[in-house]
Amino acid sequence: YIFKNINLFYFKMKITIIGAGYVGVNTCHNIAIKDIVDDIVLVDINDTVKGKVIDLMQSKFIHNFKTNIHSISDDNYDKCSNSDIIIITCGIARKPGMTREELFTTNYKIVKGVIDKLLQISPNSIFIIVSNPMDKILQMLNNNTNISKNALIGMGNILDTSRFKYHIYQELLNHNMEPSMNITAEVIGLHTDKDMIPLINYAKVDKVFVKGIFTKDILDKIVQDTKNGGATITNLMGTSACYSPAASVTELVECIIHDSKKVLSCSTLLNGEYGIHNKCIGVPVIIGKTGIEKIMNYDLNNEELLKLQK
């Protein structure tokens, strides 16, 4: 949509969020508060989405955001047409004791059905996949849709990286060290408890390598706590995390909208990078207005590379 005002062209920006659970609603709220889009469409099969949208819109006059939020609770997706970004959070959440992989059969069927409908009315959208098991669903979508590789993005490693930084920060507090928000750290690999790879050798606090700050036992604990980050929250809450996943999606959306060219760890289809072929896995990528604009080739050591290729 283009509106002409004197010499100014104004492009309306629309985001659709599929799934009005805790992650979907918190993502909607975060993006609205940022005031970076014109419209958000929140979609769910449950009529409660209508009440959630009214509630969100009534916060508009406190937060003073211009974004308008709309709801869909049936199969008529017309409001989603020509969305710039579509965020997929639908499906069942894992319960205590469950792995992300156990969700695949149910969640892929839900996600694929929704995306098939959306492609009919919004074929040029960038799709952000949040539903688990994220990498496996992303792989199947790459294999079974015509969505371009750069427009299919798995969010998981952004969340894993934030958890990695949190555990580094917590160990600073635990050891009565000066806490710092200036933490450089990244997680690559699959968004699973077993196969994610916190790059502990490259992690820094205030430009100092953490390997020079903590003992090996503490470093090992940071890595293990990061890998168990999602399961820990699920066991405590009885359901999946929501605030940090929503914040992770919001960061990704901002990078796309602002064409930031920021490096984030995201799942994408590899075709030779890191010696991996036809597999979706989390690696550092440059994010811009077209989605994934470039895959970064980090100089991993042999142990890290073998774990990634496994």
Open item on the list: A quick test of your reading: do over 12 heavy atoms of other residues, nucleotides or ligands sit less than 6.0 Å from NZ of Lys117?
Closed with: yes
- [ ] State whether the number of non-hydrogen atoms from other residues, nucleotides or ligands found under 6.0 Å of Lys294 atom NZ is greater than 12.
- [x] no
TODO: Answer yes when Asp39 and Lys79 have at least one side-chain N-carboxylate O distance shorter than 4.0 Å, and no when they do not.
DONE: no
Open item on the list: Using a strict threshold of under 4.0 Å (side-chain N to carboxylate O), is an ion pair present between Lys204 and Asp206?
Closed with: no
Open item on the list: Counting only heavy atoms not in Asn302 (residues, nucleotides, ligands), do more than 12 fall under 6.0 Å from its CG?
Closed with: no
Open item on the list: How about OH on Tyr274, more than 12 heavy atoms from neighbouring residues, nucleotides or ligands closer than 6.0 Å, or not?
Closed with: yes
Open item on the list: Clusters formed by hydrophobic residues whose side-chain heavy atoms approach within less than 4.5 Å: which one holds Phe61, and what are its other members?
Closed with: none
TODO: Quick one: name the residues clustered hydrophobically with Ile18, using the 4.5 Å side-chain heavy-atom rule over I, L, V, M, F, W, Y, and just say none if it's on its own.
DONE: Val41, Val43, Ile72, Tyr77, Ile86, Ile88, Phe104, Tyr108, Val111, Val114, Ile115, Leu118, Leu119, Ile121, Phe127, Ile129, Met134, Ile137, Leu138, Met140, Leu141, Ile147, Leu152
- [ ] Identify, with sequence neighbours excluded, every residue that meets side-chain contact (heavy atoms from CB on, under 4.5 Å) alongside Asn146.
- [x] none
TODO: Mark yes when over 12 heavy atoms from residues, nucleotides or ligands other than Lys165 sit less than 6.0 Å from its NZ; otherwise mark no.
DONE: yes
Task: Shared-cluster residues of Ile200, by chain and number - hydrophobic side chains joined below 4.5 Å - done: Phe164, Ile168, Tyr169, Leu172, Leu173, Met177, Met181, Ile183, Val187, Met196, Val205, Val208, Val210, Ile213, Phe214, Ile218, Leu219, Ile222, Val223
TODO: Output all residues satisfying side-chain contact (heavy atoms from CB on, under 4.5 Å) with Asp116, sequence neighbours left out; order by chain, then residue number.
DONE: Lys112
TODO: List the steps, then state whether side-chain contact (heavy atoms from CB on, under 4.5 Å) holds for Asp195 with Asp135.
DONE: CA-CA 11 Å; Asp195 296 313; Asp135 301 282; over 6 Å; no
TODO: Determine, for Glu101 against Lys136, whether the closest basic-nitrogen to carboxylate-oxygen distance falls under 4.0 angstrom.
DONE: no
Task: Step-by-step side-chain contact (heavy atoms from CB on, under 4.5 Å) determination, Ile188 to Leu300 - done: CA-CA 11 Å; Ile188 61 173; Leu300 304 178; 3.8 Å; yes
- [ ] List in chain and number order the residues that pass side-chain contact (heavy atoms from CB on, under 4.5 Å) with Asp55, two or more places apart in sequence or in another chain; answer none if no residue qualifies.
- [x] none
